[in-house]
Amino acid sequence: MRIVEWDQADAAALRGCQAVFNAAMDIDDADGPRMRGQVLAAWLRQSFIGDPAEAWFIPGSVPGTVVGWYRLELPDIENLDRAVLLVVVDPAARRQGVGRNLLRHAAERAAAAGRSVLGGEVRDGSAGDAFAAALGAKSGMAATMRRLDLRTVPAGKFSRLREEAAAAATGYSLVRWTGQTPPEYQESLARVLNAFADAPHDEGFETEDWDGERVRERADAPLLAMGVRTYTVAAAHAASGELAAMTQLAVAPDSPEWGHQGLTAVTRQHRGHRLGLLVKTAMLDWLAEAEPAIEQIDTGNASSNDHMIAVNDALGFVLAPPAYHTVELAVTEALA
């Protein structure tokens with residue numbers, strides 16, 4: 001099978017990859033959002049935190065069509081022993097060796113980059129799950145998807161929850177911005193992002209170490225390249241002036257009916273004041289004005305992240321099965 005590297009100038013191949021992705025998602029998550037257009041094109045070249053990536057595909061017999069493709073992410077600050085892999089095969093072309101050919105090619109690329117581990121995520125019970133199990137991949141952290149349908153939320157619910165949270169958050173005030181992080185908040189926001197290191201993660205996975213420059217170059221810049229509209233709400237500690245909590249949400253221009261929940265984090269010394277609920281309810285109030293077309297918001301949580309799950313449950317998020325989990329495979333095994 002001929003495997004070709006995707007070039008950013010190849011719009012036809014991008015459409016082919018998107019069509020295959022959509023066909024796979026129609027099986028795995030028929031009601032969920034789709035990544036497409038500028039967002040997909042940018043994501044095939046870099047992660048949401050700026051790690052470089054590359055994409056390769058198998059052309060179909062009809063020009064502009066794609067049989068299958070993979071995206072290989074190569075972290076370049078932490079996790080230098082790892083590569084993050086997604087393999088997508090047209091459902092009509094499965095069980096014909098397409099996935100294994102793409103996997104071997106990706107493993108060769110990962111080995112050439114000095115990586116020893118391939119990691120990824122698969123939906124429970126999906127074709128990807130069966131593929132990973134057949135390869136002998138190790139299952140890791142369990143996680144779930146949740147969705148909030150704003151069309152079914154009772155009037156005033158978020159305002160009531162926000163008032164409850166604000167009553168427990170005396171000594172804090174809210175700040176917010178769209179797009180890039182204002183320079184005066186970059187260093188402080190980095191310290192909040194570092195609080196995410198406490199969240200559940202797989203053994204051996206190195207969490208990111210943020211500073212102000214990295215916020216600008218590796219958090220803001222990739223989202224700008226994707227063309228998404230981003231919204232950030234943060235809680236500032238009045239006594240110190242430091243940011244204590246934050247939440248971020250993104251909206252893709254070609255899917256304004258979907259909101260995509262980004263990171264929510266609270267620094268350890270400021271936990272216990274319901275700041276997570278405060279910033280998330282403030283975000284939802286803001287979006288009602290700024291993004292009135294949003295109908296649903298999706299978010300993913302590690303199954304063991306009880307605190308954030310409780311916050312999302314209070315807001316009205318419901319499980320959107322199937323759940324998913326991480327998987328790992330040694331590069332040497334993928335090449336065997």
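If you chain together ILVMFWY residues whose side-chain heavy atoms come under 4.5 Å of each other, Val84 ends up in a group of its own. The other residues sharing a hydrophobic cluster with Met145 are Tyr324, where clustering joins ILVMFWY side chains under 4.5 Å apart. Grouping Ile, Leu, Val, Met, Phe, Trp and Tyr residues whose side-chain heavy atoms lie under 4.5 Å apart, directly or via other members, leaves Trp258 alone, with no other cluster members. Other cluster members for Val331: Met1, Ile3, Trp56, Ile58, Val67, Tyr70, Leu72, Leu74, Leu85, Val87, Val89, Val98, Leu102, Leu103, Leu118, Phe131, Leu135, Leu329, Leu335, joined by side-chain heavy-atom distances under 4.5 Å among Ile, Leu, Val, Met, Phe, Trp and Tyr.
Considering every non-hydrogen atom in both Arg229 and Pro256, the closest pair reads NH2-CB, 4.2 Å. The two atoms that bring Arg94 and Ile27 nearest to each other are NH1-CD1, 4.1 Å, heavy atoms only. For Ala107 against Ala334, the heavy-atom pair with the smallest separation is CB-CB, 3.6 Å. Across all non-hydrogen atoms, the minimal contact from Asp7 to Arg45 is CA-NH2, 3.8 Å.
Within a 6.0 Å radius of CZ in Arg151, more than 12 heavy atoms belonging to other residues, nucleotides or ligands are found. The neighbour count for Lys157 NZ, taken as heavy atoms of other residues, nucleotides or ligands under 6.0 Å away, is above 12. No more than 12 heavy atoms of other residues, nucleotides or ligands shown are found within 6.0 angstrom of CD on Glu213.
Both Leu150 and Val251 belong to a single network of hydrophobic side chains, linked directly or stepwise wherever heavy atoms of I, L, V, M, F, W or Y lie under 4.5 Å apart. Cluster membership for Trp6 and Val4, using ILVMFWY side-chain heavy atoms within less than 4.5 angstrom, is shared. Leu86 and Val66 end up in the same hydrophobic cluster when Ile, Leu, Val, Met, Phe, Trp and Tyr side chains are linked at under 4.5 Å. By the criterion of side-chain heavy atoms lying less than 4.5 angstrom apart, applied directly or through intervening Ile, Leu, Val, Met, Phe, Trp or Tyr residues, Phe317 is grouped together with Val266 in one hydrophobic cluster.
For Asp313 and Arg146, the salt-bridge test passes: some basic side-chain N is under 4.0 Å from an acidic carboxylate O. At a threshold of 4.0 Å, the pair Glu328-Arg82 counts as salt-bridged, since one of the basic side-chain nitrogens sits closer than that to a carboxylate oxygen.
Without hydrogens or angle criteria, Gln186 side chain to Asp211 main chain gives no donor-acceptor distance under 3.5 Å. Distance alone, capped at 3.5 Å, places no donor-acceptor pair between the Ser255 side chain and the Ala252 backbone. Here the side chain of Asp129 pairs no donor or acceptor atom with the backbone of Val122 at under 3.5 angstrom. With hydrogens and angles ignored, the 3.5 Å screen pairs no side-chain donor or acceptor of Thr144 with any backbone N or O of Ala323. A donor-acceptor contact shorter than 3.5 Å is absent between the side chain of Gln248 and the backbone of Leu263. Looking only at distances, a side-chain donor or acceptor of Arg34 sits under 3.5 Å from a matching main-chain atom of Gly32.
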Considering only distance and modelled atom types, tabulate donor-acceptor pairs under 3.5 Å from the side chains of residues 166-184, sequence neighbours left out.
| from | atom 1 | to | atom 2 | distance (Å) |
| --- | --- | --- | --- | --- |
| Tyr172 | OH | His270 | ND1 | 2.8 |
| Thr181 | OG1 | Asp220 | OD1 | 3.2 |
| Thr181 | OG1 | Asp220 | OD2 | 3.2 |

Donor-acceptor pairs under 3.5 angstrom involving side-chain atoms of residues 9-22: please list them, not counting sequence neighbours.
| from | atom 1 | to | atom 2 | distance (Å) |
| --- | --- | --- | --- | --- |
| Asp10 | OD1 | Ala12 | N | 3.4 |
| Asp10 | OD1 | Ala13 | N | 3.0 |
| Gln18 | OE1 | Gly37 | N | 3.0 |

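Atom CG of Leu277 sits about 6.0 Å away from atom CG of Leu315, to the nearest 0.5 Å. The CZ atom of Arg214 lies 8.5 Å from the CG atom of Asn194; values are rounded to the nearest 0.5 Å. Rounding to the nearest 0.5 angstrom, the gap separating the NE2 atom in His260 from the OG1 atom in Thr299 is 11.5 Å. Distance check, rounded to the nearest 0.5 Å: CG of Asp198 to OG1 of Thr207 gives 8.5 Å. One distance of note links OG1 of Thr232 with CG of Leu249; it measures 9.5 Å at 0.5 Å rounding. The line from CG of Asp26 to CG of Asp28 is 9.5 Å long, rounded to the nearest 0.5 Å.
With sequence neighbours excluded, no residue forms a side-chain contact (heavy atoms from CB on, under 4.5 Å) with Glu163. Qualifying side chain to side chain donor-acceptor pair (under 3.5 Å) partners for Thr326, counting only residues two or more places apart in sequence or in other chains: Asp202. Residues passing the ring pair (Phe, Tyr, Trp, His ring centres under 6.0 Å) test with Tyr231, sequence neighbours excluded: Trp286.
Applying the salt bridge (charged side-chain N to carboxylate O under 4.0 Å, His left out) rule to pairs touching residues 233-258 yields Arg36-Asp254, Arg191-Glu242, sequence neighbours excluded. Pairs engaging residues 48-62 under the salt bridge (charged side-chain N to carboxylate O under 4.0 Å, His left out) rule: Asp51-Arg218, Glu54-Arg109 [sequence neighbours left out]. Pairs of residues two or more places apart, or lying in two chains, never qualify as ring-ring contact (aromatic ring centres under 6.0 Å, His included) while including a residue from residues 196-222.
When only modelled atom types and interatomic distance are considered, Arg147 and Gln296 share no side-chain donor-acceptor pair under 3.5 Å.
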